[in-house]
Every structure is written in C-alpha cells, then in structure tokens.
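What follows is a single structure, written as structure tokens, with notes after it.
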Amino acid sequence: MTYTTIKQAMQKGTGDVAIRGWVYRERGSNKIKFIVLRDSSNIIQCVLKKDNFNDNQWEQIDKLKVEASIELKGTIKKDERAPTGYEVEVKKFNVVGESDTYPITKDQSPEFLLDNRHLWIRSRKMVAVMKIRSAYGQAREEFFKKEGFYRFDTPVLQPNQSEGGSTVFEVKYYNQKTYLAQTWQLYGEAAIFALEKVYNTGPTFRAEKSKTNRHLSEFWMVETEVAWWGLKEITEFAKKELKYCIRKVAEECAEEFELLERNAKALIEMTKKEWPTIKYREALKILKEKNGMKVKFGKDLRTIEEETIMTHFDTPVVVTHYPQEIMAFYKPKDPEQPDEALCFDMLCPEIGLEIVGGSQRSLDIEEMSENLKRDGEKPEDYKFYFDLRRYGSVPHSGYGVGLERVLQWICKLDNIKDAKAFPRTMLRWKP
Ligand code: 4AD
Ligand code: MG
C-alpha cells in the first residue's frame, strides 16, 4: 500500500490508509494511546490499542515522544471528537526516527521560539504562514506571465547604494568593497531597454536601525519596471497585481487563513472594491481635519500617521506626490508642482503599513546628480545608471512590494518576523 498525505487519507474517509509524519501530540494509558500525527498537509488523530500489538511493539509505542517520525497503516473513519474530524485505528506502525524530549512546549516566550526557529517552523501557525507565502509567490509568477513580463535576475552584490547610504550592508569583495542589494531597481531599469516589461523577486537588505514590528534587515521585495509608463499607469498596475495575488491566495489558502483567524472571504471582497489614490497633500489634510494631527509638508509620514490615515479606509490606498526633497535620488520632480515627486506608496488598511513603494523615474542626469550630492553620494559612481539616460532614454516607472509586509497584513501577524521562516533583524541573525 502506498503512503498518502493525511489530507488525502481524510478525503478517502473510510477503509485502509497508510500515512507517515511526525508525532504532534501524544497521550494515553497502558491500554490505549492517542497520537495526533502531522504531515505537511494536516493533522489527524490516531489510536493505538494494546491488543493490536505485541509487547515489544507496545513498549516502542509507549516510549514515543513528540516529534518522533513514524509510518503507520490502519483504518480511517469519521470521528466528531477528533481534532480534524477523523481518526485512524492503527494496525501497523514503524518508528523511523525517535525524538529527544522536544524543547518546544506551550507558553514559551517569543524569544525562545526565535532561538529555536528551526524547530518552531513545524508549528501549525508557521506552516500556515509559509504555505500562504508560497502561494503568494506562485500567484505573482502567474500574474506576471499573464501580463507578458520577463523575469529578470540581478546581482545581490552591488557597487552602489540606491535607497539611502546609511542603510547599506558593506561586504568585503576581495580587496575592495561592495554592498548587499537595497533594491533590484537600478538593474531593472537597465533591463527595460532590452525587455520593456520586467519583474522579479529577491532578497533585499537594509541595515536599518529600527527595532519595530515592521522592519527586517533582510526581506524579499517583489519588484517591477516598465518602459513607457508614467505614474498613473504604474499605480493602477500595482493595484492590479496586489488584487490578483491576494484574491488568488485567499481562494487557495482558505484553511490556512482560518487557522490564523483571518477571514479569507473578506479579503476576496476587498479585492473587488475600488482602491483609492490620493495625494500626500490630501493625506495631510485628512490628518488635520479628521484627527487634529498637524504634519508639515516636507516630512515623511511616520508610522503613527500612516496608521491614522488608514483608519479612514477599508482597502489599500495609494498615496502619491510625496515631498521631492526627502525622496530617493531617482524620483523626479512633478513639472507642474516641483516640490512634489512623481512617486507613490501603497498603504494597507487595518494596520496602516506601507506595503509598496514606487515611482516614475527621473530622466534628468543633472537633477539626479544634485540629489545624490544632497545625500552625500558621488554622482560619478552612477555612470552606468546615467548611461541609461544617454542612449535612447524613455519614460519609465516601477515599484517594489514588501513581501513580508503584505504577509504581515493579510495573515494578521503582530510581528513581521513571523512572515518568514528565518528572520533577520538588527538584533537577530541566528539560527
Ligand atoms: O519603498 P522602498 O524602499 O522602495 C524601493 O526600494 C524601490 N527601489 C522599489 C522600486 O521602485 N523598485 O521599498 C519598497 C517596499 C516598501 O514599500 C516596503 O513594503 C518594503 O519594501 N520594505 C521593507 N520591508 C521590510 N523591512 C524593511 N526594512 C523594509 N524596507 C522596505
Ligand atoms: Mg518606501
């Protein structure tokens, strides 16, 4: 008999089954033992009766500890009292790998669970998040394929900063130095002159000194860059991407969302609504008029302000035209309103988090050189980037989606660290 997953066994519902996995819970007496078995698909209650086994076997069963790996054969039937509604009466079993006393028990501190992350990722919560993450990545690939984009790979080791020099990780590179990618963008921009519509997903690094629940030092950004498009087209496309991926994931992972106490149907409904676009100046007006919060033009929105604005919306909102002077060097001035940049962020409802950042790209070498000097950078280090404006320059735009931020929001996670298996933050880089 071939092994099936627990999910497949439950779909079968009656008769003989063969399953394998790890002991999730165990309890019992010297006559009967209940084991909840888990595999990647689900958990199921298994009952082992002493009468079905010889003394030798029973001794093995009696010694089984949480996380031991076992294979078993038996008959499955519906049982309302069992945790997932089915029970297997075990006829044959084989211990594949015994387990030491498992260090993870109930009520352990978040720090302990992070120290033991290599084990904690087996938990149902982490499994649910990891499955949603996987589904999200697959949905994105599907979306970009449908939209006619090329996947374009870029170096992780890069010669320049691009999003602010104070947050780059320096890497020794033979006798020189290089930096871990802060973004894929500058290379994505080079690629649009060959491929026009490109995207990719990759690890992104920021040496941010923030110890918040929304910052990671290493995160995955899902970026896209398109030739010929301006701010309007790119913001509408970003909405389309997010709507597609969230809807797809909510449809595919309904069980996982339920486990995380997140209503997948509500997420799907949200993707059917109109997602507004407002200007930064309008956002300041909302803050002032509705919340009595005064923010001066020229300041970036802080967490508290993002959160406050988003209490007025029940879908993501695109905020455009942030003050040019505080933006990354490649974000162009709006010719109609030069103190504003042709850029945008997308903020999510409920937790008011910036989940996307993007812009039209400046084509003005002079302007960008000034911005770089303003930021303490040397324009001559950006020759390759400026060349893109010298040989058949075209308007173009792009954006990056913070994958863990989106997951933090849709999975209702208190901390962004739980959006990935092995988080890296200012204070954590192990295991
Ligand atoms: O707004 P950011 O810095 O934009 C860029 O890097 C652009 N070069 C992207 C582009 O236009 N191709 O980062 C984009 C997104 C943010 O909106 C946020 O969701 C996420 O990346 N992000 C972080 N996520 C987790 N931890 C951090 N430290 C993050 N910094 C940015
Ligand atoms: Mg940003």
- Item | Pair Glu233, Ser397: side-chain N/O donor-acceptor within cut-off below 3.5 Å | no
- Message: For Glu350, I'd like to know if atom CD has over 12 heavy atoms of other residues, nucleotides or ligands within 6.0 Å.
- Response: yes
- Neighbour count above 12 (heavy atom, 6.0 Å) for Lys131 NZ: yes
- Query: Around atom CZ of Arg81, are there more than 12 heavy atoms of other residues, nucleotides or ligands at under 6.0 Å?
  - Reply: no
- Taking NZ, NE, NH1 and NH2 as the nitrogens, is one of them in Arg428 or Glu111 under 4.0 Å from a carboxylate oxygen of the other? yes
- Using a cut-off of 6.0 Å, state whether more than 12 heavy atoms not belonging to Glu98 lie near its atom CD. no
- Item | Student check: side-chain heavy atoms of Ile35 and Phe93 closer than 4.5 Å | no
- Item | Under-4.0 Å salt bridge between Arg389 and Glu189 | yes
- Gln182 and Thr167 side chains, donor-acceptor separation under 3.5 Å: yes
- Query: Stepwise, does the salt bridge (charged side-chain N to carboxylate O under 4.0 Å, His left out) test hold for Glu282 with Lys285?
  - Reply: CA-CA 5 Å; Glu282 290 170 59; Lys285 214 168 145 209; over 6 Å; no
- Just say parallel, tilted or perpendicular for the rings of Phe149 and Tyr199, cut-offs at 30° and 60°. perpendicular
- Message: Quick check on Lys299: does its NZ atom have over 12 non-hydrogen neighbours (other residues, nucleotides or ligands) under 6.0 Å away?
- Response: no
- Would Thr311 and Lys290 count as a side-chain hydrogen bond (donor to acceptor under 3.5 Å, both in side chains) if you check the C-alpha gap in whole Å, the side-chain angles of each, and the deciding distance to 0.1 Å? CA-CA 10 Å; Thr311 59; Lys290 296 198 174 160; over 6 Å; no
- Item | Quiz item: cation-pi between Arg27 and Phe34, 6.0 Å / 45° | yes
- Query: Could you go step by step and tell me if Trp275 and Met346 meet the side chain to side chain contact (heavy atoms under 4.5 Å, CB included) rule?
  - Reply: CA-CA 10 Å; Trp275 293 6; Met346 190 188 292; 4.0 Å; yes
- Task: Give the intermediate values and the outcome of salt bridge (charged side-chain N to carboxylate O under 4.0 Å, His left out) for residues Lys65 and Glu26.
- Result: CA-CA 7 Å; Lys65 288 187 181 171; Glu26 56 84 22; over 6 Å; no
- Task: Drop me the distance from Glu366's CD to Phe386's CZ, to the nearest 0.5 angstrom.
- Result: 9.5 Å
- So, Lys211 versus Thr425: side-chain donor-acceptor pair below 3.5 Å or not? no
- Message: Just checking Glu274: does its CD atom have more than 12 heavy atoms from other residues, nucleotides or ligands closer to it than 6.0 angstrom?
- Response: no
- Residues, nucleotides or ligands: over 12 heavy atoms within 6.0 Å of Arg302 CZ: no
- Message: Just by distance, no angles: are the side chains of Asp364 and Ser362 close enough, under 3.5 Å, to form a donor-acceptor pair?
- Response: no
